[in-house]
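Keep in mind the model is a prediction, meaning the values are calculated, not measured.
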Amino acid sequence: MCCFPAPPWLTCWHFFAVKPHVSAYKKSEHGNEKDTGVLVCKSTSYPPVTQWMWFKMIDDGPQLIINGSEDRFFIKSEANKTELRILNLDTQKDPGEYSCNATNELGEGSALVGLRVRSRLAALWPFLGIVAEVLVLVTIIFIYEKRRKPDEVLDALQFVPSSVADFCLMDCYTELVEDSSPLLTECLHVFRVDMPDTQIARMSLLSSCAVAPRIY
């Protein structure tokens, strides 16, 4: 631009003609499986772009994308902007790099846009990880409870009220008599102590009953 400060006031613009300078709106785009992906390129060079083309970059070289191909790829272009829409994104076929190519009367220019496609299950992985951790924790607790030592069971029984403990002792004694258990002699010995109602007598019989076929 040039300006003339003296009257009459005049302003003039100078345009430098160059080949297209193309840039991607975003260098990397992300989309979800089955959704629509949108890739955008633009050019502000002069003269305006006369033709836009899109390519998918593969190992064999650039693959031209035709508007409306596969009923999934649609291109919408203007003088300074182009847009590629990919419907029904696929996690296997669509990820990769895409090239937008612009042409004017002085030459060509291009830019690369990366596309990543996430699986619909991607958002579920954190939740599934939490569920797995909970299941492991529950399994560990279950195994620990199954393999607890009899002494640990007796420690828990120490907090049982005396009336409930006495009832459990008599029930255990009756079962030992009916089953002719080899622990019967030890239980009878406990009941012959001088003070059968003491805590020591009850805990001794509980020790015998805790390892019997029926555990209290």
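- Here disulfide bond (SG atoms under 2.5 Å apart) pairs that include residues 17-112, with residues two or more places apart or in two chains, are Cys41-Cys100.
- Among pairs with a residue in residues 66-75, those fulfilling salt bridge (Lys or Arg N to Asp or Glu O under 4.0 Å) read Glu70-Arg72, Arg72-Asp94, at least two apart in sequence or across chains.
- The two atoms that bring Val22 and Ala102 nearest to each other are CG2-CB, 3.5 Å, heavy atoms only.
- Heavy-atom contacts from other residues, nucleotides or ligands closer than 6.0 Å to NE2 of His30 number more than 12.
- Counting only residues at least two apart or on different chains, the salt bridge (Lys or Arg N to Asp or Glu O under 4.0 Å) pairs with a member in residues 22-41 are Asp35-Arg120.
- Grouped with Phe74 in one hydrophobic cluster are Leu87, the linkage being side-chain heavy-atom contacts under 4.5 Å among Ile, Leu, Val, Met, Phe, Trp and Tyr residues.
- In terms of the side-chain contact (heavy atoms from CB on, under 4.5 Å) criterion, residue partners of Pro95 (sequence neighbours excluded) are, by chain and number, Val117.
- Residues meeting the side-chain contact (heavy atoms from CB on, under 4.5 Å) test with Thr44, sequence neighbours left out: none.
- Among residues two or more places apart in sequence or in another chain, the side-chain contact (heavy atoms from CB on, under 4.5 Å) test is passed with Leu135 by Val131.
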In a table with atom names and distances, give each donor-acceptor pair under 3.5 Å that connects a side chain of residues 51-59 to protein atoms at least two apart or in another chain.
unit_1 : atom_1 : unit_2 : atom_2 : d
Trp52  : NE1    : Glu78  : O      : 2.9
Trp54  : NE1    : Thr82  : OG1    : 2.9
Lys56  : NZ     : Lys93  : O      : 3.0

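- The side chain to side chain donor-acceptor pair (under 3.5 Å) search around Asn32 returns Arg118, not counting sequence neighbours.
- Within the structure, disulfide bond (SG atoms under 2.5 Å apart) pairs that include any residue of residues 43-83 do not occur (at least two apart or interchain).
- For Ser110, the side-chain contact (heavy atoms from CB on, under 4.5 Å) partners at least two apart in sequence or on another chain are Ser99, Asn101.
- In this view, Arg85 and Glu83 satisfy the side chain to side chain donor-acceptor pair (under 3.5 Å) rule, not counting sequence neighbours.
- Remark: Leu112 CG to Leu39 CG distance equals 11.5 Å, nearest 0.5 Å.
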